[in-house]
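Read the structure below first, then the notes.
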Amino acid sequence: MNISEFILRIALLLLPGIIAVKVYRKLKGNTRKKDWEDFIDLLIFSLVSYLIYAVIYGIAQGSYTSIIALQAIYDATVPIDWFEIFCSSLIGIVLAFIASFIYKKKLINRLGQAVKVTNRYGDEDIWDFFHNMPNIEWVVVRDHQVELYYFCYIKVFSESKERRELLLGDVTVYNEDGKFCYNTDAMYICRNYYDITIEIPQIPDNSLQKKED
């Protein structure tokens, strides 16, 4: 077996992990990781998917079964079991949803906080932390670049990076002096991270009413 055939064989056998990682990233968003960390994620998803498949298959058949995919990696004479890959890929998708739930709920960090081993919340940065805070509805977005501010709610926010993208909903626009400018159903803005400030008003005053009296 030459190098090209070996690489193709490995790619096919790691298919459950490849699919799981793609789904996981889609659910939780892309984060800045090194290549070796991405490979570890792929490998873990693949191995766990195959192991769960082996357990389920063994319970269903009433006997232990070896994982053909693991044998096929180092033994070219072992044929690829497409049914095993297909079932493991489905399991990988389920694992991706579970992993995304664990990430979103910060279960690992909460466990660490409970046993007093960390104070970290678990987000990549404060941008993620803020947007994932519960019970945030209406906010004031101050746009320093154009000297306006918006009373609105945030429908969608971008990943953590230098450029901050926001899709705002039900927006009321004011100038820096608090003078009403206009209303709009939706607004997209893209700014450098230092060009916007987001505030959570406790009790909106008369200048932040949805419509003028």
Side-chain angles (χ1 to χ4, degrees), residues 1-60 65-76 78-112 120-134 154-167 169 188 190 193:
M1 183 169 59
N2 58 41
I3 297 297
S4 298
E5 291 176 345
F6 176 75
I7 293 176
L8 178 60
R9 191 178 185 87
I10 293 297
L12 291 174
L13 295 172
L14 292 179
L15 192 59
I18 295 172
I19 294 174
V21 168
K22 293 290 288 185
V23 174
Y24 180 53
R25 287 182 177 177
K26 191 70 175 179
L27 293 172
K28 69 178 282 291
N30 291 320
T31 54
R32 290 166 289 185
K33 283 188 174 183
K34 298 179 180 178
D35 292 339
W36 67 267
E37 292 177 308
D38 292 332
F39 179 76
I40 292 297
D41 288 344
L42 187 154
L43 189 61
I44 291 175
F45 272 117
S46 294
L47 290 175
V48 174
S49 297
Y50 282 125
L51 288 172
I52 292 176
Y53 167 79
V55 171
I56 295 175
Y57 184 87
I59 293 175
T65 181
S66 60
I67 302 174
I68 296 176
L70 299 183
Q71 301 177 43
I73 289 177
Y74 59 83
D75 189 350
V78 176
I80 294 176
D81 189 331
W82 294 103
F83 181 75
E84 182 179 273
I85 293 177
F86 174 76
C87 292
S88 297
S89 296
L90 295 180
I91 293 171
I93 294 174
V94 175
L95 290 176
F97 275 83
I98 295 173
S100 180
F101 176 82
I102 292 173
Y103 174 83
K104 180 177 177 57
K105 299 299 182 181
K106 312 301 176 189
L107 297 183
I108 294 177
N109 288 84
R110 288 183 179 181
L111 177 61
R120 291 181 59 83
Y121 181 75
D123 291 285
E124 292 296 318
D125 57 19
I126 302 300
W127 177 259
D128 282 330
F129 176 83
F130 177 86
H131 288 290
N132 286 304
M133 289 174 60
I154 299 174
K155 299 176 68 173
V156 182
F157 63 94
S158 64
E159 305 292 339
S160 296
K161 52 187 177 181
E162 185 175 352
R163 301 289 288 180
R164 303 304 200 191
E165 296 178 278
L166 294 172
L167 180 59
Y188 166 81
C190 180
Y193 67 90

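All values reported here derive from a predicted model rather than from experimental measurement. Along the sequence shown, residues carry numbers from 1.
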Are a donor atom and an acceptor atom from the side chains of Tyr188 and Glu165 found within less than 3.5 Å of each other? yes
Can you tell me how far CD1 of Ile18 sits from CG of Leu13, rounded to the nearest 0.5 angstrom? 10.0 Å
Going through the checks in order, is the side chain to side chain contact (heavy atoms under 4.5 Å, CB included) test met by Phe101 and Lys104? CA-CA 5 Å; Phe101 176 82; Lys104 180 177 177 57; 5.8 Å; no
How close do Ala20 and Gly92 get, heavy atom to heavy atom, and via which atoms? CB-O, 3.3 Å
Measuring from atom CG of Leu42 to atom CG of Leu15, what distance do you get when rounded to the nearest 0.5 angstrom? 9.5 Å
Does Ser158 offer a backbone N or O that forms a donor-acceptor pair with the side chain of Trp127 under 3.5 Å? yes
Between atom CG of Asp128 and atom NZ of Lys28, what is the distance when rounded to the nearest 0.5 Å? 8.5 Å
For the CD1 atom on Ile108, are there more than 12 heavy atoms of other groups (residues, nucleotides or ligands in this structure) within a distance under 6.0 Å? no
Hey, is the main chain of Glu84 close enough, under 3.5 Å, to the side chain of Ser88 for a donor-acceptor pair? yes
Close side-chain approach of Phe83 and Tyr53, heavy atoms under 4.5 Å: yes
Would you please test Ile19 and Ile93 for side chain to side chain contact (heavy atoms under 4.5 Å, CB included) and show each step? CA-CA 7 Å; Ile19 294 174; Ile93 294 174; 3.8 Å; yes
Identify the two heavy atoms, one from Phe45 and one from Val21, that lie closest to each other, and give their separation to 0.1 Å. CD1-CG2, 3.7 Å
Heavy-atom closest contact (Ser46 atom, Leu14 atom, distance): OG-O, 3.4 Å
If I compare all heavy atoms of Leu166 with all of Phe157, which pair ends up nearest, and what's the gap? CD2-CB, 3.8 Å
I'd like to know whether Arg25 forms a side chain to side chain contact (heavy atoms under 4.5 Å, CB included) with Asp38, so could you lay out the CA-CA distance, the side-chain angles of the two residues, the decisive distance to 0.1 Å, and finally the verdict. CA-CA 11 Å; Arg25 287 182 177 177; Asp38 292 332; 2.7 Å; yes
Look up atom CG in Leu12 and atom CD1 in Ile85, then write down how far apart they are to the nearest 0.5 Å. 6.0 Å
In terms of the angle between their ring planes, are Tyr24 and Tyr103 parallel, tilted or perpendicular, with boundaries placed at 30° and 60°? perpendicular
Any chance you could measure Leu95, atom CG, to Ile91, atom CD1, to the nearest 0.5 Å? 7.5 Å
Spell out, as yes or no, whether a donor-acceptor pair under 3.5 Å connects the side chain of Arg110 to the backbone of Lys105. yes
